[in-house]
There are 2 protein chains.
Amino acid sequence: MVEREKLTEEKIFESATEIFLEKGMDGARMRDIADHAGINKSLLNYYYRSKDRLFNAVYEKLAGQLFDMFAPVFDENLSLEEKIRYFFREHISFLQKNPRLPIFILYEVNRNPERFRKLIQKFDFEALWDTLEKQHEKELAKYNISMEMLPQLMSSLAALSVFPFAARSFLEAIFTKLGIDFDDYIEERKKFAAEFTIKALKR
Amino acid sequence: MVEREKLTEEKIFESATEIFLEKGMDGARMRDIADHAGINKSLLNYYYRSKDRLFNAVYEKLAGQLFDMFAPVFDENLSLEEKIRYFFREHISFLQKNPRLPIFILYEVNRNPERFRKLIQKFDFEALWDTLEKQHEKELAKYNISMEMLPQLMSSLAALSVFPFAARSFLEAIFTKLGIDFDDYIEERKKFAAEFTIKALKR
DNA sequence: GTCTATAGAAGGATAGAC
DNA sequence: GTCTATCCTTCTATAGAC
């Protein structure tokens with residue numbers, strides 16, 4: 001029955017996503033995934049052949065989601081300042097819905113850099129770079145941003161939005177002692193990070 | 001023989017640090033640690049009783065190192081701007097020597113937040129907060145930094161210096177395709193992050 | 001397609017000789 | 001204090017019935 005098959009396979013995939021996000025490849029157990037999906041352990045192997053293949057399916061899906069989040073930044077017809085505001089608002093909103101994605105990706109890429117290299121082989125970063133340069137040629141000149149600064153600038157944007165989620169448990173432990181609510185902090189962050197960055201660029 | 005005992009115990013601890021940093025608690029094997037130390041597997045249990053205790057010893061040592069890095073920021077008699085430059089220079093230099101520390105701590109705190117809470121129980125963050133406030137009362141007013149902004153600001157400082165290391169493999173994979181050298185990028189970062197932050201604060 | 005049962009390997013921990 | 005040998009548990013993966 002095709003309907004039933006799809007349901008089971010999807011249930012497995014969703015449960016695997018859940019468990020791998022929570023425990024990572026090394027910490028996750030096939031038993032946990034099967035129990036979470038409410039099915040028999042051997043069905044995991046029936047559909048995905050091995051833990052490694054199941055993990056790769058989840059990993060590639062999640063890494064893909066992460067990259068899809070950056071695409072609109074290159075599409076939108078906005079000024080540089082508007083684009084910065086747009087980026088933090090949308091990116092942090094996305095991470096609010098997927099708070100465990102950053103630490104998962106960072107850790108698993110670290111654990112197996114070669115797999116990540118293969119995954120991004122097809123991406124043409126040079127072209128994106130050029131697009132960005134052409135879109136904002138005048139603004140980059142106005143703000144006195146040289147091409148050599150772009151890696152520093154782009155990684156800073158990522159840092160300001162991603163770090164709070166990657167360091168979530170760390171920050172929460174400290175925030176609790178200071179009476180700060182993490183969710184409020186994140187909500188504020190959309191505007192803070194944008195204004196912080198824009199001010200840093202102005203001269 | 002006390003001398004010999006100390007040597008073996010230290011060798012175990014150093015090897016454990018090495019292996020846990022590289023593979024994490026879940027990915028590390030007692031066998032790996034024993035092999036790395038060039039000793040018998042059962043000696044690990046003789047000295048540390050269990051993998052869990054050995055890991056905790058390493059974890060607490062490394063987490064301690066991380067917190068020690070922040071202490072000078074509160075001690076040094078510097079202006080706010082000088083302190084920001086000092087922080088990025090010293091903190092990033094420290095991470096250059098301990099590049100795998102950030103992702104290890106972030107991941108392991110995430111895996112077991114409760115253990116981290118217990119570890120920082122003794123720290124009086126309120127007092128540090130107040131110290132910082134008093135030290136820079138006039139400057140905070142001058143830059144129009146309210147106390148409500150401090151969590152955003154402090155976490156941004158951490159983000160700008162820690163993220164490149166936590167995301168090292170991720171960034172390296174992309175940088176390679178763009179012909180950028182990661183070590184050069186990090187070296188530049190000490191100044192970039194400082195100037196970026198200082199500009200963001202000026203009004 | 002889904003289940004039970006189990007193989008086969010790996011990992012952490014311990015007993016006991018030296 | 002250090003080694004060899006081994007126990008016991010856990011985990012992934014597969015065989016085979018239904």
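Worth knowing before you read on, the calculation uses all heavy atoms, side chains too, and leaves out hydrogens, waters and symmetry mates.
Following rounding to the nearest Å, B:Glu9 (CD) and D:dG1 (P) show an atom-to-atom distance of 9 Å. For the pair B:Tyr48 OH and D:dT2 C1', the computed distance is 16 Å after rounding to whole Å. One atom, CG of A:Leu44, and another, P of C:dT2, lie 11 Å apart when rounded to the nearest Å. Here D:dT12 presents its C1' atom at 12 Å from CZ of A:Phe20, a figure rounded to the nearest Å.
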Under 4.0 Å protein heavy-atom contact, by nucleotide of nucleotides 3-18 of chain C - B base, S sugar-phosphate only: BB------SBBB----

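Under a 4.0 Å N-O distance rule, the pair B:Asp26/B:Arg111 qualifies as a salt bridge.
Proximity of the aromatic rings of B:Phe104 and B:Phe20 is defined here by a centroid distance below 6.0 angstrom, and this criterion is not met. Aromatic ring centres of B:Phe163 and A:Phe163: separated by at least 6.0 Å. The ring of B:Phe70 has its center closer than 6.0 angstrom to the ring center of B:His91.
When the salt bridge (charged side-chain N to carboxylate O under 4.0 Å, His left out) test is applied to A:Lys41, no partner is found at least two apart in sequence or on another chain.
Looking only at distances, a side-chain donor or acceptor of A:Lys83 sits under 3.5 Å from a matching main-chain atom of A:Val73.
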